[in-house]
Amino acid sequence: MPSLSRRSAPRSSNAMLESLLSGTGIRASQSSRSRRLRRWIPVVISLLVQVPITIVGVIWTGAYAEYGDAASVLPFSTVLELSSIGAGGIAAIALSLIGPLLLLWIRRYPGPLIAVISALAAADFLIGYSLLSPPYLALAFAIVIAISYGARTWTWVSMIVVWEATLLAALVVGIELDPHRVVPTTIGLLLVLGFAEANRRRREQFEKFHTAFASRREEELRAERTRIARELHDVLAHSLSQINVQAGVGLHLMHKQPEQAEEALASIKLSSKEALDEVRSLLGMLRSESADAGEDDAPLVPEPDLSRLASLADSVRAQGIEVQLTSEISEHTAPALQLALYRIVQESLTNVVRHASATSAIVSLAVEGDDYVATIADNGVGIDTDGHTAGRGLLGMRERAELLGGTLRVAEATPRGTVVTARIPRRSASA
């Protein structure tokens, strides 16, 4: 079985992009270094894109303002010496620095900071009409990260309010808006918002899938634990109850009838050997399904089926209870059905030995219409069905029947005793 850990496996481009933008990625592989990288990468990229281009734009804009077209033929070193940086240039450079640095805290305060960065981007947009400046890349990262962290309302309200305020401010200040710049900016904002929403939906779908997968795996683990507990109960309860009864008989007859005491000890040896074989088989099966497949598996024994009912009845007869066994069900039916019927009969006879104080029991397996029917009746004192229904033995029998689409009923017999009836549909049993 392959290991569940995938930390060394290469990650897909989508996973890497999501880690870059949202800072989450695959939680199982997060480390302090990867978290720091996801925190700093948007900051560094924004700084590398915005700051150098803004500085160059401020310098060239200042040179053009002072020397006109002649500045285009001058070397950059000369332009740098001749250019003067005004208040607008200083503000543009400051904005190109502040926005990316605020991304360091965007995951902690996504709502307020998306509003602040939006305002900074608006100021950069207005100043950029007189300066050569790049797109405010920090705003794109802020939008995606904020929406990924649940600040959708903050983001949409900030975009709408700030963009409308920017256009209104341009009209008030007297900046002549160029459609060739306004339209691409509007389209760019809409594209970033659409990408952020798509990324959020994909992340939510992944989380739902992860939750459903974890829930399904937990259900499978619970079902497997229940199955193991049921098998161990059926094996150990029957064998240990036989050993207990036979040990009591042996102690009682040890001095009076040594021969019968010897038979009881031999029966104890046989019962314990069968129980050990079944437990060893179950443990071997579990080991072969585990990750430690390199170890030698325990020897397996066949699962109990209807062919072993006769020996089961003999083991109960050896404890002084007369058992009458009849079966109309073919031994070539589905293994799951044979196992379920065998365990139901085994547990029923175990209850007869332990609780019923009975002298005889009747076991009947028949085919009635579309159902397989197993009936186990005894002439004992009966049982408290309300109290016994909550016991693990009857609970296990009921689970076995219901797993095959059947039912199990426990009732008082007339005039005395208990009747256990298991009914399993033939169609579901053979599926």
Side-chain angles (χ1 to χ4, degrees), residues 21 42 45-73 76 79 83-100 102-103 106 111 113-147 151-200:
L21 296 175
I45 293 177
S46 300
L47 288 173
L48 291 178
V49 171
Q50 292 180 198
V51 176
I53 298 178
T54 301
I55 293 175
V56 172
V58 168
I59 293 172
W60 278 108
T61 300
Y64 269 101
E66 188 168 351
Y67 297 100
D69 293 338
S72 61
V73 299
F76 182 75
V79 172
S83 176
S84 60
I85 301 177
I90 295 175
I93 295 174
L95 291 173
S96 68
L97 285 169
I98 296 173
L102 289 179
L103 293 176
I106 187 68
L113 285 186
I114 187 63
V116 173
I117 295 176
S118 300
L120 296 177
D124 182 80
F125 178 81
L126 295 175
I127 295 174
Y129 264 84
S130 60
L131 300 172
L132 177 63
S133 62
Y136 208 74
L137 187 60
L139 179 61
F141 282 110
I143 290 173
V144 177
I145 296 174
I147 289 182
R152 294 183 64 206
T153 303
W154 276 89
T155 302
W156 281 96
V157 171
S158 298
M159 291 298 100
I160 295 172
V161 172
V162 171
W163 184 234
E164 291 182 353
T166 301
L167 300 180
L168 181 61
L171 295 176
V172 172
V173 174
I175 298 176
E176 185 178 353
L177 296 176
D178 184 3
H180 293 89
R181 187 168 185 180
V182 174
V183 173
T185 302
T186 304
I187 295 175
L189 288 174
L190 293 176
L191 289 176
V192 172
L193 287 168
F195 174 81
E197 290 289 346
N199 181 70
R200 177 190 62 83

Sequence neighbours excluded, every pair satisfying salt bridge (charged side-chain N to carboxylate O under 4.0 Å, His left out) that has a member inside residues 182-200 | Arg152-Glu197, Glu197-Arg200, Arg200-Glu204
Under a 4.5 Å cut-off applied to non-hydrogen side-chain atoms, are Ile98 and Val116 in contact?
-> no
Tell me, which pairs form a salt bridge (charged side-chain N to carboxylate O under 4.0 Å, His left out) where one or both residues lie in residues 153-165, sequence neighbours left out?
-> none
Do Leu103 and Ile117 come within less than 4.5 Å of each other through their side chains, counting heavy atoms only?
-> yes
Between Ile114 and Ser158 the two heavy atoms that sit nearest each other are CG2-OG, 4.2 Å
Taking Gln50 for its side chain and Ala138 for its backbone only, find out whether a donor-acceptor pair lies under 3.5 Å.
-> yes
Applying side-chain contact (heavy atoms from CB on, under 4.5 Å), run through Ile147 and Leu193 and close with a yes or a no.
-> CA-CA 9 Å; Ile147 289 182; Leu193 287 168; 4.3 Å; yes
What closest approach, in Å, do Ala121 and Leu139 show between heavy atoms, and which atom pair accounts for it?
-> CB-CD2, 3.7 Å
For side-chain contact (heavy atoms from CB on, under 4.5 Å), just list the numbers for Val144 and Asn199, CA-CA rounded to whole Å, side-chain angles, deciding distance to a tenth of an Å, and then say yes or no.
-> CA-CA 8 Å; Val144 177; Asn199 181 70; 4.3 Å; yes
Looking at side-chain heavy atoms only, is the closest gap between Trp163 and Val182 below 4.5 Å?
-> yes
Single hit among Ile106, Leu113, Thr155 for side chain to side chain contact (heavy atoms under 4.5 Å, CB included) with Ile145 = Ile106
Residue pair Trp154 / Gly111: nearest heavy atoms and the distance that separates them | CE3-O, 3.0 Å
Atom CG of Leu177 and atom CZ of Phe125: how far apart are they, to the nearest 0.5 Å?
-> 6.0 Å
State the CD1-CG distance between Ile160 and Leu189, to the nearest 0.5 angstrom.
-> 11.0 Å
Applying side chain to side chain contact (heavy atoms under 4.5 Å, CB included), name anything that partners Ala123, two or more places apart in sequence or on another chain.
-> Leu95
Which pair of heavy atoms, one from Pro134 and one from Asp124, lies closest together, and at what distance?
-> O-OD2, 4.0 Å
Any side-chain heavy-atom pair of Leu102 and Leu120 under 4.5 Å = yes
From CD1 (Ile55) to OG (Ser96), nearest 0.5 Å | 6.5 Å
Do Ile45 and Phe141 come within less than 4.5 Å of each other through their side chains, counting heavy atoms only?
-> yes
How far apart are the closest heavy atoms of Tyr136 and Pro100, and which atoms are they?
-> OH-CD, 4.5 Å
